[in-house]
Each structure stands twice: as C-alpha cells, then as structure tokens.
Amino acid sequence: MSAGLIYAATGCLLFVLGLGGVLLLKALLRRILAFNLMGSGAFLVLVGLAQRDGTPDPVPQAMVLTGIVVAVAATALALTLARRWHALTGREDIARVGDAGSRARRMANDRRKVGR
Amino acid sequence: MKALWRSLTVVALLGLAAALLVAVLGLPPAPVKLAGEVATNLGASGVSHPVTAVLLNFRGYDTFLEVAVLIIALLGMLAAGLPPPPPTGSRNAMLPTLARLAVPLMVLAAVYLLWAGAFRPGGAFQAAAVLAAAAVLLHLAEILAPWPRDRRGPRLAIAGGFLLFLAIAAALLANGGLLRYPPEHAGLLIVLIESGLTVSLAVNLAAFFLLRADKT
C-alpha cells in the first residue's frame, strides 16, 4: 500500500465523517464545518489517488488548489447566510418541516385560551 | 424513534465508508498519464513549476472562472446582508504589538510566494491568502477599521484583477483559443496576471471578513 493510497483512504473516511456531520448535527455552524470536512476528504482522495504510483501529478494538484479557493468562497457565503438567518429568527439551526406550522397553531391555541 | 434513526444513519454511513474504501483501494492504475504530458509541454508554458503551469497556462480558464466564483460569493454576501461591526475596545494589549511586528513579515512572505510560484510551490493564491490574513490580523488588532459596504477602493481592486485577466484572455483570442499564450511571452503574461490576481484576491478574501454593515 503506497503513501498515496493511504491519503486516499483517509480522504474517504473524512468524507464519510463530514457527511455524518451534515446529516446528524443540528447547529448550522457545525453543519458548515462538516460540509468543509467532506470537501477536504474529496481533495485528499483526488491528490492521493493521482500519486498512488509514487510520482505526484500536477493536474489534480492544480484542480484541488482551485477547489480549495472555491470552498473558501462558498464557506464565506454560507456563514453569511447562517448569520443572517440567526439575525432574522434568533435560531442557530434550521427548523424542521412542520415546525413553523405547529408553532403557529400553538400560538393560536394560546390566544384562544387567553380570549376565554 | 429519533435514536433509531440516528443509529440507522450511522450504520448506513459505516457501510458507505466500507464501500468507498473497497472502491478506492481496488482501483486499477490510471489509463492516461497527465503528469507526462505536463512534463513534455513544460518548456512552452513560460514557468518551470508544473502546478503553476497547469493553473495559469494549460487550464487557465479554470483559474479565470475561479476568480469569478470568488466575486460572485462576495456579491451573494452583499445581497444577503452584512453583519454589524464588532464591538470595539475589548482588544488584548498584546495583539496590536504582535500585528505591527508580524504584518511587514507577512507582506514580505506574500511577495516571495508570488515570485516563487514560477519555479517552486507558491503563486498568486497562496500570496493572496497570506495578505488577506495580514489584513484580518490588523482588523482584529483594531488597527484597520471595518470596510463600509460602499467603499470604492476594495471594489476597484477586486474588479481590477479580474478585468486584467479578462483583458489578457480577450487579447489572446486572436491566437485561436482562450488564454493560449504565445510561448515567447508566456512567462511575462503569467507574472502580470499573477501580480494582478494577488492584489485582487487578497482584497476579495479580506472583504469576506472586513466588510461590515454601516452603523445604524
């Protein structure tokens, strides 16, 4: 097993770890970090697989360099959206489907109780 | 119910990890050797470092569009609404001293990285990242004030690097392809693009952190 293959295998594990974070974590900031971890795993797979026969390949390295910069830009945009969401709703996680509806119903019920 | 879903997700993720590992470890060797292609054409690229040659010559349009992606992300940020300026006066007394000592060295390192990109690891993106980090450090030390959203200078710098790249790409269209440099001028053109990109990308990356909404 060459060093390149070890990098690629580590990249696979990082990708799955990040995917688990995106699926299982609630806080938006953690999800964004987990998404970045997925990206880092994909980069490691690209670079590692390309040099599994011992010689580094400059083409995937240049692609990954491009990818890292795009990931930074996407992360900055995601963080801005998360801050905006926090400023508008006061929440740090995304409401589940139906949450907003049930809360509206609860508030309507409360109002009816107060009315009586 | 929730715990059941969580454990099912973890089991599915473990299965995915195993499948990915089997696929990656059992992959046959690559049928095309791009490293050899790069090495044979390196002489005509204008630079002697293969990664820089791929980034700015063989796959120049990737880099060009990447700069556009950074600008689009910044536009998205401006559209989504900027965060308010941070509270002032809470700084550590050591931080301004550290920033004043470190920033000149960071600028020096950035210039070196830009120059080194032609023949060893380095280049415009690394130099821009160091410059942007220097700007963020100055901002955290409260030496550099946050930028209001309609500040003219950062906008001109960000657009300038991209427009320089676009102008060179358009001028080279006569050669029969986007960013197909004539070999005898390739080195000069790459240094020109990289210098413009360093300033523009550094301001763009710093703007992600320093652009703040006006005080209300």
Side-chain angles (χ1 to χ4, degrees), chain A residues 1-2 4-25 41-42 44-46 48-88, chain B residues 5-6 9-10 12-14 16-21 23-25 27 29-30 33-39 42 49-56 58-59 62-63 65-67 69-84 121 123 125-126 128-129 201 204-205 207-209:
Chain A
M1 194 166 175
S2 68
L5 268 184
I6 296 178
Y7 286 136
T10 314
C12 288
L13 294 179
L14 278 181
F15 181 86
V16 174
L17 203 62
L19 184 63
V22 170
L23 292 175
L24 295 174
L25 295 175
L44 211 50
V45 171
L46 268 173
L49 273 186
Q51 60 181 41
R52 71 200 129 131
D53 55 358
T55 49
D57 186 343
V59 178
Q61 292 197 7
M63 297 293 108
V64 166
L65 194 54
T66 307
I68 289 172
V69 177
V70 171
V72 168
T75 307
L77 184 59
L79 288 174
T80 313
L81 291 175
R83 278 193 84 140
R84 187 75 185 145
W85 173 252
H86 179 65
L88 287 177
Chain B
W5 273 119
R6 283 185 86 88
T9 315
V10 170
L13 285 170
L14 287 177
L16 177 66
L20 280 178
L21 282 178
V24 160
L25 295 181
L27 216 58
K33 285 262 180 285
L34 285 175
E37 295 279 317
V38 172
L42 197 59
H49 190 252
V51 175
T52 309
V54 173
L55 265 181
L56 281 145
F58 306 142
R59 305 275 304 185
D62 281 348
T63 310
L65 292 176
E66 170 188 5
V67 181
V69 165
L70 276 173
I71 295 179
I72 291 170
L74 193 65
L75 287 178
M77 237 183 97
L78 284 168
L82 296 170
F125 291 98
Q126 291 86 335
L201 290 171
N204 199 330
L205 290 173
F208 286 142
F209 201 89

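Small disclaimer: the values here were computed from a predicted structure and weren't measured. Hydrogens, waters and symmetry mates are skipped; everything else that's a heavy atom, side chains included, is used. All chains are named by letter (A, B, ...) in the order of the sequence lines, taking the proteins before the strands, and each is independently numbered beginning at 1.
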Practice task
Check the pair B:I72, A:L77 against side-chain contact (heavy atoms from CB on, under 4.5 Å), reporting the backbone distance first and the verdict last.
Solution key: CA-CA 9 Å; B:I72 291 170; A:L77 184 59; over 6 Å; no
Exercise for the section: Determine, stepwise, if the pair B:L14 / A:V16 fulfils side-chain contact (heavy atoms from CB on, under 4.5 Å). Expected result: CA-CA 8 Å; B:L14 287 177; A:V16 174; over 6 Å; no
Exercise for the section: Any chance you could lay out the side-chain contact (heavy atoms from CB on, under 4.5 Å) test for B:Q126 and A:L65, step after step, and finish with the verdict? Expected result: CA-CA 9 Å; B:Q126 291 86 335; A:L65 194 54; 3.8 Å; yes
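In this structure, chain A has no heavy atom under 4.5 Å from any part of B:V67. Of the two parts of B:V51, the backbone and the side chain both hold a non-hydrogen atom closer than 4.5 Å to a non-hydrogen atom of chain A. Both the backbone and the side chain of A:T66 come within contact range of chain B, each with at least one heavy atom under 4.5 Å from a heavy atom of that chain. A:P56 touches chain B through its backbone: at least one of N, CA, C or O sits under 4.5 Å from a heavy atom, while the side chain does not. B:R59 touches chain A through its side chain: at least one heavy atom from C-beta onward sits under 4.5 Å away, while N, CA, C and O do not. With a 4.5 angstrom heavy-atom cutoff, A:A9 touches chain B via backbone and side-chain atoms both.
Here the closest heavy-atom approach between residue A:A62 and residue B:V54 is recorded as CB-CG1, 3.5 Å. A:G20 and B:L13 make their closest contact through CA-CD1, 3.2 Å (heavy atoms, listed as atom of the first residue, atom of the second, distance). For A:T80 against B:A80, the heavy-atom pair with the smallest separation is CG2-CB, 4.3 Å.
For A:R84, the salt bridge (charged side-chain N to carboxylate O under 4.0 Å, His left out) criterion is met by no residue, not counting sequence neighbours.
Residue with the most contacts toward chain A among B:V24, B:L205, B:V10, B:V69: B:V24 (heavy-atom pairs, distance under 4.5 Å). Comparing B:T52, B:L65, B:L27 by heavy-atom pairs within less than 4.5 Å of chain A, the highest count is held by B:L27.
Remark: A:Y7 OH is loosely packed, at most 12 non-hydrogen atoms of other residues, nucleotides or ligands lying under 6.0 Å away.
Annotation: side chain of A:V59 is not in contact with side chain of B:E37 (no heavy-atom distance under 4.5 Å).
Rounded to the nearest 0.5 angstrom, B:W5 CH2 and A:L24 CG are separated by 12.0 Å.
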